[in-house]
Q: 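Attaching a single structure in C-alpha cells format; questions to follow.
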Amino acid sequence: MHLTSTFARADMDLNAVREVSLTINATHLFVYFIPEAPEEAAKLGVTEYGPAYFAFRSAPMGAVPWQVTLAAFYNFSPRSVRAMAGVWDTATPEEWQAARFAAVGRALHRVGVNLTADQIAEARSLIDPVVGSADYAGKTMAAANASVPLPADPLVALWQQITVLREWRGDAHVTVLAANGLGPCDCNVLQTATGHFPEAIARATRLWDDEVAAATTRLVARGWLNAHGTAADAGFAARERIEVETDEHCAALWTPIGDAGVRRLTSLIMPIHDAFTAARTYPFRVEMADTRSAGPEAAG
C-alpha cells in the first residue's frame, strides 16, 4: 500500500519539502555531538552518553518509562534504551530539558552562528505558523516538543521550533517505515547499507547485535540487499521510495507558508548548520540536498 494515498495531498514542490527537511535535520543535529551536552548532563549526575541522550531527547514526553522511549524512537534496540532507567531519579524531565537548552545555547554562541535579530525574527515568522497549525495526531515526539515552553534566548527558541519539525518528520517516517514492513533493526541495516548512516555509529548507539544477521536475511529475501549484505539496486530504490512517501506525508505540513516560504526558511536557518560544520562538529558528512533553493528572494 502506498501510505500517502490515505492522506490529503498537498500542492507543494516535493523538492522543496525534501530540501527543508534535510536542512531542518542538519540544523537540529549538532545537539548530539557537542561537548556542552555531556557537560550539562554531568551536572545532573549522569556521565554516560547513552542515558544522557535518551533523557535529553525524551524529556519533553515527561517521566516516561524506558519502554515508551523505545516505542517513540523506533530504531533503537531494547538493550540500548534500557540504559536510561533511573534518569528521572537523578533529575526531573524539566531539569533535563533546561539542561538541553543550556547546552544548545552555549554551543550556538561558541561556534558563532551568524544570524541577526531580524533574521531570527523572520525565521520565526515562517516556522511558527507551521508548528502552530501542524496536525499532531500520531506524532508523539513532535507533539511532546511542541508542548515545551520556549526559552528566553531567541536563537535557542528558534532551534526548539526546528526540533519540533525535525521530530514531526521523524514521526511521519516511522509511520511510513511500519507501513512498508521495515522494522527497527531492518531500517538501520538498510540505512547503513545504502550509505546514509555510518555503520560504526549505528552499532555503537543502537546496539543491535544478533538481530542484524536476521534483519540482513530478511532484506536479502526482499531483494533489497545482496547475499553478502551490500545494497542491491532494489534496496537503493526502496530506500528512496520510502523517503518520497515521507516527503508526501510531510507536504501538507508546509502549506501554511508555501513553496516560497519553505525556500526562504531553508536559506535563513542554513547558517546554523554551516557554523557547526566549520567548527568540525561531526565525525561524518551530514546529508544535505544537492542544491540549495535560494532564489533572489532568499538573499540576505
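Values below: every heavy atom of this structure, side chains too, minus hydrogens, waters and symmetry copies. Please read all numbers here as calculations on a predicted model, not as lab measurements. We're numbering straight along the sequence, starting at 1.
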Q: Side-chain heavy atoms nearer than 4.5 Å, only ILVMFWY residues, links allowed to pass through others: does that put L150 and L115 together?
A: no
Q: Can you hop from M61 to W88 via hydrophobic side chains spaced under 4.5 Å?
A: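 In one cluster: yes.
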Q: If you define the side chain from C-beta out and look only at heavy atoms, does anything of R57 sit under 4.5 Å from R100?
A: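 The answer is yes; the side chains approach within 4.5 Å.
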Q: Please check if the side chain of W66 supplies one atom and the backbone of A83 the other of a donor-acceptor pair under 3.5 Å.
A: no
Q: Would you give the length of the straight line joining atom OG of S58 to atom CZ of F73, rounded to the nearest 0.5 angstrom?
A: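 Between atom OG of S58 and atom CZ of F73 there are 5.0 Å.
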Q: Take D247 and R169, measure what side chain to side chain contact (heavy atoms under 4.5 Å, CB included) needs, and give me the verdict at the end.
A: CA-CA 8 Å; D247 292 338; R169 190 182 196 276; 2.7 Å; yes
Q: Salt bridge between E95 and K43, side-chain N to carboxylate O under 4.0 Å?
A: no
Q: In Å and rounded to the nearest 0.5 Å, what is the OG1 to CD distance from T194 to E240?
A: 10.0 Å
Q: Quick one: are V46 and F56 in side-chain contact, heavy atoms under 4.5 Å?
A: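 When only atoms from C-beta onward are counted, F56 and V46 do not touch, as no gap falls below 4.5 Å.
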Q: Shared ILVMFWY cluster between F76 and L207, side chains joined below 4.5 angstrom?
A: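 They do not share one cluster, since no chain of ILVMFWY contacts under 4.5 Å joins F76 to L207.
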Q: Are R239 and E243 ion-paired here, with the side-chain N under 4.0 Å from a carboxylate O?
A: yes
Q: Any side-chain heavy-atom pair from E211 and R206 closer than 4.5 angstrom?
A: no
Q: W159 versus V31: any side-chain heavy-atom pair under 4.5 Å?
A: yes
Q: Find the distance between CG (D11) and CG (D259) and round it off to the nearest 0.5 Å.
A: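 One gets 7.5 Å once the value is rounded to the nearest 0.5 Å.
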Q: Which distance, rounded to the nearest 0.5 Å, do you find between the NE2 of H273 and the OG1 of T281?
A: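 Going from the NE2 atom of H273 to the OG1 atom of T281 covers 9.5 Å.
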Q: Take R79 and D209 through the test salt bridge (charged side-chain N to carboxylate O under 4.0 Å, His left out) and record every step on the way to the result.
A: CA-CA 10 Å; R79 67 176 61 87; D209 191 2; 5.3 Å; no
Q: Might you point out which heavy atoms bring F276 and I34 nearest each other, and give the distance in Å?
A: CE2-CG2, 3.9 Å
Q: Closest approach of V148 and P60, non-hydrogen atoms and distance?
A: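 For V148 versus P60, the nearest heavy atoms are CG2-CB, 3.7 Å.
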Q: Would you sort out whether V286 and F30 count as a side chain to side chain contact (heavy atoms under 4.5 Å, CB included), showing the intermediate values?
A: CA-CA 10 Å; V286 177; F30 69 84; over 6 Å; no
Q: Closer than 3.5 angstrom, by distance alone: can the side chain of D13 be matched with the main-chain N or O of N15 as a donor-acceptor pair?
A: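 Yes; judged by distance alone, with no hydrogens or angles, the pair exists.
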Q: Look at the side chain of N145 and the backbone N and O of M141, then say whether any donor-acceptor pair between them is shorter than 3.5 Å.
A: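 It does hold such a pair.
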Q: Looking at E48, I want to see if its CD is surrounded by more than 12 non-hydrogen atoms of other residues, nucleotides or ligands under 6.0 Å.
A: no
Q: Are F236 and L177 linked, directly or through other ILVMFWY residues, by side chains that come within less than 4.5 angstrom of each other?
A: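 Looking at the clustering, L177 is in a separate group from F236.
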Q: Which of parallel (below 30°), tilted (30 to 60°) and perpendicular (above 60°) describes Y49 and Y53?
A: parallel
Q: Please name the pair of heavy atoms, one in F33 and one in L29, separated by the smallest distance, quoted to 0.1 Å.
A: CD1-O, 3.6 Å
Q: Please report the interatomic distance CG(L22) to OG1(T266), rounded to the nearest 0.5 Å.
A: 9.5 Å
Q: Please test D186 against W224 for side chain to side chain contact (heavy atoms under 4.5 Å, CB included), starting from the C-alpha separation and ending with a verdict.
A: CA-CA 11 Å; D186 301 54; W224 292 5; over 6 Å; no
Q: Distance-only, no hydrogens or angles: does the N188 side chain make a donor-acceptor pair with backbone N or O of N75 under 3.5 Å?
A: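 Flag set: sc N188 to bb N75 pair under 3.5 Å.
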Q: Could you check whether any side-chain heavy atom of N180 comes within less than 4.5 Å of a side-chain heavy atom of R241, counting everything from C-beta outward?
A: yes
Q: Would a 4.5 Å heavy-atom cut-off, applied to side chains only, mark I269 and I24 as touching?
A: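 Yes; the side chains approach each other to less than 4.5 Å.
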Q: Search all heavy atoms of L225 against all heavy atoms of A193 and return the closest pair with its distance.
A: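 That closest heavy-atom pairing would be CD2-CB, 3.6 Å.
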Q: Are any side-chain N or O atoms of T255 and backbone N or O atoms of A252, one a donor and one an acceptor, separated by less than 3.5 Å?
A: yes
Q: Mark yes or no for whether T47, through its side chain, and A42, through its backbone, hold a donor-acceptor pair below 3.5 Å.
A: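 Looks like no, no N/O pair under 3.5 Å.
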Q: How close do G105 and V156 get, heavy atom to heavy atom, and via which atoms?
A: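 For G105 and V156, the tightest heavy-atom pair comes out as CA-CG2, 3.4 Å.
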Q: Show, in sequence, the C-alpha distance, side-chain angles and deciding distance for I257 and I127, and conclude whether the side chain to side chain contact (heavy atoms under 4.5 Å, CB included) test is met.
A: CA-CA 8 Å; I257 60 173; I127 203 168; over 6 Å; no
Q: Taking all atoms of both residues into account, what is the closest heavy-atom pair of E199 and T192, and its distance?
A: CA-CG2, 3.8 Å
Q: Within the side chain of T230, is there an N or O that forms a donor-acceptor pair under 3.5 Å with the backbone of N226?
A: no
Q: Taking the side chain as C-beta and beyond, is there a heavy-atom pair between D153 and F101 under 4.5 Å?
A: no
Q: Answer yes or no: is there a side-chain heavy-atom contact under 4.5 Å between P35 and R110?
A: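 Contact flag for P35/R110 side chains = yes.
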Q: Using only atom types and a distance under 3.5 Å, with no angle test, would you say the side chain of W96 pairs donor to acceptor with the backbone of F54?
A: no
Q: Return the NE2 to CG distance between H249 and D171, rounded to the nearest 0.5 Å.
A: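 One finds 9.0 Å between NE2 of H249 and CG of D171.
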